Undergrad: 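Got a structure for you, written out below as C-alpha cells; questions coming shortly.
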Amino acid sequence: MTDATDSRRWLALGVLCFSVLLVSLDQTVLNVALPTLIGDLHPSASGLPWIADSYTLASAVLIIIGGALGDRFGRRRIFLLGVAVFGVSSLACALSHDTGMVIAARGAMGLGAALLMPATLSIIAMTFEGAQRLRAIGIWAGVSGIGTAAGPLLGGWLLQHYWWGSVFLINVPIAVAALIAGYLVIRESRAPHDVPLDILGVVLSSLGLAAITYGLIVAPDHGWGSVQALAPLLGGVALVVVFVFWERRCSTPLIDLHLFGNRTFSSALGAVTAIFFVMFGVSYLFSQFIQFAQGHDSFGVGLRFLPLAIGTLISANLAPRITHKLGLRAVMVVGMVMIVVSLVLLAEMQADSSDWLLIASFGLIGLGMGLVIAPASSAIIGTLPPAKVGAGSGLRSMVQLLGGSFGVAIIGSLATQRYRAHINHDLNTTLQGLPPAARTQVADQIGHAVAVAKTLPPDLAKATTTAASNAFVSGMHLDAIVGAAVMVVATIVAAIFIPQRVEHAMLPAPLEPGPVEAAEALS
C-alpha cells in the first residue's frame, strides 16, 4: 500500500465522517430548538413529538432499504444521493412556516439520512482492513457520538444569534461540500451479484414500524387503552409478525434473519438499541429541563451537553485499543455500567441542583457510549459477508434510529403522563386562581406553562413556574429510572451473550480510494 493510497483512504474516511457528523448533529440539534419552535409555531402536545419523531421514524423505517440499495446499485452512488436529499430537505425545513411543513421536511431529511448512513459504514468496511478497519470504525462511531452530543451546543449558539431555521440552514453548505468531496475521493463498490429488492418486505416493515410509532405518539393524548392508540400499536405488531414470517420464506429477503443466529451480531445490535433508546430520551427531556426548569438559555443548554460529546470522543477513540487488550465483552459491559450509573445520578436531579451533577452524569454517559458503540459497530460489521455489508450496515443504523425514535416516544409519553397528573393536582389546589385559558396551557406542557407564567402577576407566575418545574422533574425522575432499568437488562444480556473475542468474516481486501472519472461514476 503506497503512502498516497493510504492517505486517500483516510481522506475518504474524513468525507464519510463529515457526513455522519452532519446527520448526527441534526438528530439532537432540534431538541434545543424545541422551546423556540413552541413559541413560534405553537405545536400541540402531540405535534411536538411528531416534529422530533418524523425524522427518526422515516430514517428507521427506510434505512435498511437504503443499505440494500447501496449493495445493489453502488454504495457511493446511494451515499451521494442521500447527501443531496438531506441538503435539499434541510433547506425546505429552514424555510417552513408551520408545524405541518416542518414535520414533512424533517421526514424528507430522514429519507436522506436513511440513504447515506448505512453507506458510510459499508464503504468504510470495503475501504479498510484489519487494524485500520477497527480504527476507522472507532473514529466513525466517535464522530457520530460527538455530533449527537454537540447538536445542542451548535443549536444553542445559532438560536442566540439567528432564527430557529438556522439550525437546518447550516446543513446546506455542508451537504454541498460533502457531495463534491465524496464524488472525488470515494471509490464505488457494490455486492458481487445483483439481488432483486424485496418489495413486499419493504412495504410490510415500513407500515409496521410506522404504525407502532404512531400509536406510541398519540397514546399520551388519547390514553394507552384507547382505540386511537391500541389500533395502530396492535396493527403494527401484526404487520411486523407477518414481515418476519415472509422474510423466513423469501428467497431474497430484505433482512437475512439468519444473521440473528450469530450471537455477536444480535447481542451487539441489542446493546446499540438500548443505548440510543436511553440517549435520545434523555436528550429530549433534559434539553427542556435545563431551559424551562433551570432557566438557562439555548446556548446554556448546549454547553451542558458538551461533556457528553467530550466523553464520547475520548472513549470511542480509545475503545479499539482497549478492546484488543481486554476483549469485547469486558469493554462493552464496563461502558454500559457507566451509563447505568449516570442515569441513577440523573434521577437525583432537581431544578436547583448543581451543574456539576449534570456535568458528571453527561460525562459518564459519553464515556460509556464510546466504549460500547465503537466496539459493537466493529463486531457487527466484522461478522458480515461482503454481499451483506450494506444491508447489515442498514440494520445497525436502523436499530440506532429506531431505538432513538422509540426512546423519544415512550420516554416522552411517560413524562407527559406524569407531568399532567402532577400539574392537574396543583391546578385544583395551589393554582386555582389561574384563568381557564391559562389552565389549559399550563396542563399541556412545561414550555407552555413557562410562557403563560410570564403574563401573570408575580406571585401567581412564581407559583405556576414552580409547579410546572416540579411536575416536569417528577416525570424526568421516572424516565431516568426506566432508562436505568432498560440498561441493567441490556447489560446482563451483554454479559451473558457477547463473546470475549470476535471471529470476523472474511471481508475482501480494501478498495483503493482516489479521484473517480465521470464515466466511472455512472458505472
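Predicted, not measured: the structure shown is a model, and the values here were computed from it. Nothing fancy with the numbering, it's 1 onward along the sequence.
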Undergrad: Could you tell me if the side chain of M279 sits less than 4.5 Å from the side chain of L308, heavy atoms only?
TA: yes

Undergrad: Is there a side-chain contact between L414 and R418 in this structure, where contact means two heavy atoms from C-beta onward sitting under 4.5 Å apart?
TA: no

Undergrad: Of L478, V278, L285, which meets side chain to side chain contact (heavy atoms under 4.5 Å, CB included) against I411?
TA: L285

Undergrad: Decide side-chain contact (heavy atoms from CB on, under 4.5 Å) for F73 and L81; before the verdict, give the C-alpha distance in whole Å, the side-chain angles of both, and the deciding distance to 0.1 Å.
TA: CA-CA 11 Å; F73 297 109; L81 176 62; over 6 Å; no

Undergrad: Are the side chains of D198 and L200 in contact, using a 4.5 Å heavy-atom criterion?
TA: yes

Undergrad: Using every non-hydrogen atom in the two residues, find where R106 and S54 come nearest and quote the distance to one decimal.
TA: CB-OG, 3.2 Å

Undergrad: Before you tell me yes or no, could you show the steps for V272 and I373 under side-chain contact (heavy atoms from CB on, under 4.5 Å), namely the whole-Å CA-CA distance, both residues' side-chain angles and the distance that decides it to 0.1 Å?
TA: CA-CA 6 Å; V272 170; I373 300 302; 4.3 Å; yes

Undergrad: Of all the heavy-atom pairs spanning V83 and A178, show the shortest one and how long it is.
TA: CG1-CB, 4.1 Å

Undergrad: Considering only heavy atoms from C-beta outward, does the side chain of T264 approach that of I498 to under 4.5 Å?
TA: no

Undergrad: Measuring from R304:CZ to I359:CD1, what's the distance to the nearest 0.5 Å?
TA: 7.5 Å

Undergrad: How about V399 and F276: do any of their side-chain heavy atoms sit closer than 4.5 Å?
TA: no

Undergrad: Calculate, to the nearest 0.5 Å, the distance between atoms CZ and OG belonging to F305 and S287 respectively.
TA: 5.5 Å

Undergrad: List for me each residue that meets ring pair (Phe, Tyr, Trp, His ring centres under 6.0 Å) alongside F260, sequence neighbours excluded, and say none if there are none.
TA: F265

Undergrad: Applying the side chain to side chain contact (heavy atoms under 4.5 Å, CB included) test to V185, which of L11, L13, L16 qualifies?
TA: L11

Undergrad: Give, for atom CE of M336 and atom CG of L371, the distance between the pair rounded to the nearest 0.5 Å.
TA: 11.5 Å

Undergrad: Just do the side-chain contact (heavy atoms from CB on, under 4.5 Å) check on L346 and F362 with the steps written out, would you?
TA: CA-CA 9 Å; L346 290 175; F362 281 0; 4.2 Å; yes

Undergrad: Judged by modelled atom types alone, do T120 and W140 share a side-chain donor-acceptor pair under 3.5 Å?
TA: yes

Undergrad: Counting only heavy atoms not in R263, do more than 12 fall under 6.0 Å of its CZ?
TA: yes

Undergrad: Between R76 and M126, is any pair of side-chain heavy atoms under 4.5 Å apart?
TA: no

Undergrad: Find the distance between CD1 (I275) and CD1 (I339) and round it off to the nearest 0.5 Å.
TA: 4.0 Å

Undergrad: Is L154 close to V167 at the side-chain level, that is, under 4.5 Å between some pair of heavy atoms?
TA: no

Undergrad: Got a second to check how far L111's CG is from Y55's OH, nearest 0.5 Å?
TA: 11.0 Å

Undergrad: After noting the C-alpha distance and the side-chain angles of V473 and M349, does the key distance pass the side-chain contact (heavy atoms from CB on, under 4.5 Å) rule?
TA: CA-CA 8 Å; V473 167; M349 286 291 299; over 6 Å; no

Undergrad: I want to check something: taking the side chain as every heavy atom from C-beta on, are I290 and L358 in contact at a cut-off of under 4.5 Å?
TA: yes

Undergrad: Any chance you could measure L80, atom CG, to L116, atom CG, to the nearest 0.5 Å?
TA: 9.5 Å

Undergrad: How far apart are the closest heavy atoms of C250 and P253, and which atoms are they?
TA: O-CD, 3.5 Å

Undergrad: Using only atom types and a distance under 3.5 Å, with no angle test, would you say the side chain of S206 pairs donor to acceptor with the backbone of V203?
TA: no

Undergrad: If every non-hydrogen atom of A136 is compared with every non-hydrogen atom of I124, which pair is closest and at what distance?
TA: CB-CG2, 3.8 Å

Undergrad: Check whether any side-chain N or O of R9 sits under 3.5 Å from a backbone N or O of T127 as a donor-acceptor pair, and report yes or no.
TA: yes

Undergrad: Using the ring of each side chain (for Trp, its six-membered ring), is F289 parallel, tilted or perpendicular to F472, with breaks at 30° and 60°?
TA: parallel

Undergrad: Does atom CZ of R248 have more than 12 heavy-atom neighbours, drawn from other residues, nucleotides or ligands, at distances under 6.0 Å?
TA: no

